[in-house]
Chemist: 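Got a structure for you, questions after.
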Number of protein chains: 2
Amino acid sequence: MPRDTLTRDQIVRTAVELLDAEGLEGLNMRALGKRLDSAATAVYWHVKNKDNLVLLATDQVWGELKLPDLDAVDWRTAATGMAIDLYEMFTRHPWLVQAFAAHVLYGESKARHDDHSLAVYEAAGFAGAQADQAASAVFTYVLGNAAGAAATASLARKLARDDTTAEEQFQDAMAKAQEIAMRYPRLRARLDTSAAASYAAAPDKAFEFGLQALLDGLEQQIAGQPAG
Amino acid sequence: MPRDTLTRDQIVRTAVELLDAEGLEGLNMRALGKRLDSAATAVYWHVKNKDNLVLLATDQVWGELKLPDLDAVDWRTAATGMAIDLYEMFTRHPWLVQAFAAHVLYGESKARHDDHSLAVYEAAGFAGAQADQAASAVFTYVLGNAAGAAATASLARKLARDDTTAEEQFQDAMAKAQEIAMRYPRLRARLDTSAAASYAAAPDKAFEFGLQALLDGLEQQIAGQPAG
DNA sequence: CCGGCGACTTGAACAATGTGCAAGTCCTTT
DNA sequence: AAAGGACTTGCACATTGTTCAAGTCGCCGG
């Protein structure tokens, strides 16, 4: 009977769990080791270093994405679906956004996704470099939106972990931020209104609004300058 | 004559220098202390902790931005200008993107900018929450674009610092990434083409392309549903 | 069946870094 | 000149990534 040994795959999946629970700065090798019931340094036999582990975790997560069948749906439906799926992936795994800003990421699943994304915009009528720019515009839009969610998630974790200390600091920061906002008419209006709560609750609405605007704009580009 | 003493402002400005040069992970209190000709811990008298320092540095940088005069230019020119300025700020200070994904940021200069941004989209004809969503869409688009630049900058720094070790790892990673890309037709095409070089050289083009598409889309929204 | 080899794990150790603390040093105020 | 506050310093500790030499385990050739 073969010895019960660690797997690279097992390590990566556990790392994703930890990243989801504790964020990018919450992932450390000792905690990972503990969760794997092994010494922290055992991981180094399977993975080069922490950066490499994050790279692998990233691509693992990318593999969650299902790609739309381009023969079955029109490009706009496909583009919307891919963008929403991506956005949801980022909100499920907020650390991804940080990883994206810190390292150049690549991997099998991401390549698969990128290729499919290009196919969508080629199907829409963009040729060559234009398809690149369209795909990249939508991707970066999604990424930017997710950044807000990531920051919020990081804050929420901090509040959940440190019972009381962080709570005060948070209140303090909130108070300072509000005090600043009160001095700017448009920001103030958004604090005063009873609508304030609904704003905060609806980053997803803002995301879809902007996404449709962006896709509208792209569609317009094609109309103005049809398939070359 | 008063003693020559550290200033909060001086500390923040030095921190920005260090952040620009070494990135977010390159900023550490001892290095900061050395650059200020003082003990690392002297900083703690002026600033609560590192996170707080980054927050202050962020707002310092936000202060670089000039805001367009809304009585002098139409909204679209103003929106384009603000977006481009923002993008340039992010590329000048790539660590900002990481900071944005990791912490919830606020400050005087950012509030000023946000307020002005809302004014632009209200001038465009968006009311209330719609102006919020429009402004947020453009902002997040810019942020997302900057993430790519930030990752590239981080990589470039790493290559510049570690003379030879990182060089090999980079070549290795490049080779792996290319090997993957070669298995996907559209990605492969973009490696094969002589155009490959021009792609890589033109993230700014992609940025402006998407920005105009997004603004086109927003404009269309107003046209379809005029000022309420 | 056994000896060794390669796969994998472990624990100790080191360097880098954020930060608290007690003791200093310097200027201003009375 | 004495006192008190503003600021600085050095030391110390905890946390974390990573290396390394020494283990342990199971298989395989003899």
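Quick note on labels: first sequence line is chain A, next is B, and so on, each numbered from 1. All values below were derived from every heavy atom in this structure, side-chain atoms included, with hydrogens, water molecules and symmetry-related copies excluded.
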Chemist: So does Lys66(B) pair up with Glu88(B), basic N to acidic O under 4.0 Å?
Modeler: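 No, Lys66(B) and Glu88(B) are not salt-bridged.
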
Chemist: Is the shortest distance from a Lys or Arg side-chain nitrogen in Asp59(B) or Lys110(B) to a carboxylate oxygen in the other one below 4.0 Å?
Modeler: no

Chemist: On DNA chain C, compare the nucleotides closest to Tyr44(B) and Ala42(A); which residue's is nearer the 5' end?
Modeler: Ala42(A)

Chemist: Just how far, in rounded Å, is C1' of dT19(C) from CG of Leu32(B)?
Modeler: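 Answer to the nearest Å: 14 Å.
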
Chemist: I need the CD-C1' distance between Glu25(B) and dT15(D), as an integer number of Å.
Modeler: 18 Å

Chemist: Quiz question: by atom type and distance under 3.5 Å, do the side chains of Gln178(B) and Tyr106(A) form a donor-acceptor pair?
Modeler: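 No, no side-chain donor-acceptor contact under 3.5 Å.
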
Chemist: To the nearest Å, give me how far apart CG (Asp4(A)) and C1' (dC27(D)) are.
Modeler: 17 Å

Chemist: Quick one: is dT9(C) close enough that its OP1 or OP2 comes under 4.0 Å of any side-chain N or O from Thr5(A)?
Modeler: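 Checking Thr5(A) against dT9(C): at least one side-chain N or O falls below 4.0 Å of OP1 or OP2.
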
Chemist: Judged by each residue's nearest nucleotide on DNA chain C, which is more toward the 5′ side, Arg30(A) or Trp45(A)?
Modeler: Trp45(A)

Chemist: Before accepting this row, confirm whether a basic side-chain N of the pair Asp51(B)/Lys158(A) lies closer than 4.0 Å to the acidic partner's carboxylate O.
Modeler: yes

Chemist: Looking at His46(B), does any N or O in its side chain come under 4.0 Å of the phosphate oxygens OP1/OP2 on dT8(D)?
Modeler: yes

Chemist: For the pair made of CZ in Arg8(B) and P in dA6(D), what is the distance, rounded to whole Å?
Modeler: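 In whole Å, dA6(D) P and Arg8(B) CZ are 16 Å from each other.
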
Chemist: Base, sugar-phosphate alone, or nothing: which one does Leu36(B) contact when heavy atoms must sit under 4.0 Å apart?
Modeler: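 Here Leu36(B) touches no strand at all.
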
Chemist: Near DNA chain C, which residues from residues 49-58 of chain B have a heavy atom under 4.0 Å away?
Modeler: Asn49(B), Lys50(B)

Chemist: Just how far is it from atom CZ of Arg8(B) to atom CG of Leu56(B), taken to the nearest 0.5 Å?
Modeler: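 It comes to 5.0 Å.
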
Chemist: So that I know where these two stand, are Phe207(B) and Phe90(B) an aromatic pair - ring centroids less than 6.0 Å apart?
Modeler: no

Chemist: Using C1' atoms of five pairs at each end, report the bend of the helix from dC1(C)-dG30(D) to dT30(C)-dA1(D) rounded to 10 degrees.
Modeler: 20°

Chemist: What is the distance, rounded to the nearest whole Å, between atom CG of Asn28(A) and atom P of dT18(D)?
Modeler: 11 Å

Chemist: Leu24(A) and Ala99(A): which non-hydrogen atoms are nearest, and at how many Å?
Modeler: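 Between these two residues, the closest heavy atoms are CD2-N, 4.1 Å.
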
Chemist: Using whole Å, report how far CG of Leu6(B) lies from P of dC27(C).
Modeler: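 Distance check: Leu6(B) CG to dC27(C) P gives 15 Å.
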
Chemist: Could you check how far CD of Glu22(B) sits from P of dA16(C), rounded to whole Å?
Modeler: 15 Å

Chemist: Grab the CG-P distance between Leu27(A) and dT15(D) for me, whole Å please.
Modeler: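 Taking CG of Leu27(A) and P of dT15(D), I get 17 Å after rounding.
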
Chemist: Give the minimum heavy-atom separation between Met182(A) and Arg188(A), together with the two atoms involved.
Modeler: O-NH1, 3.2 Å

Chemist: Is it true that Lys48(A) and Asp172(B) have a side-chain N and a carboxylate O under 4.0 angstrom from each other?
Modeler: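 A salt bridge is absent here (no side-chain N lies under 4.0 Å from a carboxylate O).
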
Chemist: Which nucleotide in the list dA13(C), dT9(C), dG11(C) gets nearest to the side chain of Thr41(A)?
Modeler: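 For the Thr41(A) side chain, the nearest candidate turns out to be dG11(C).
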
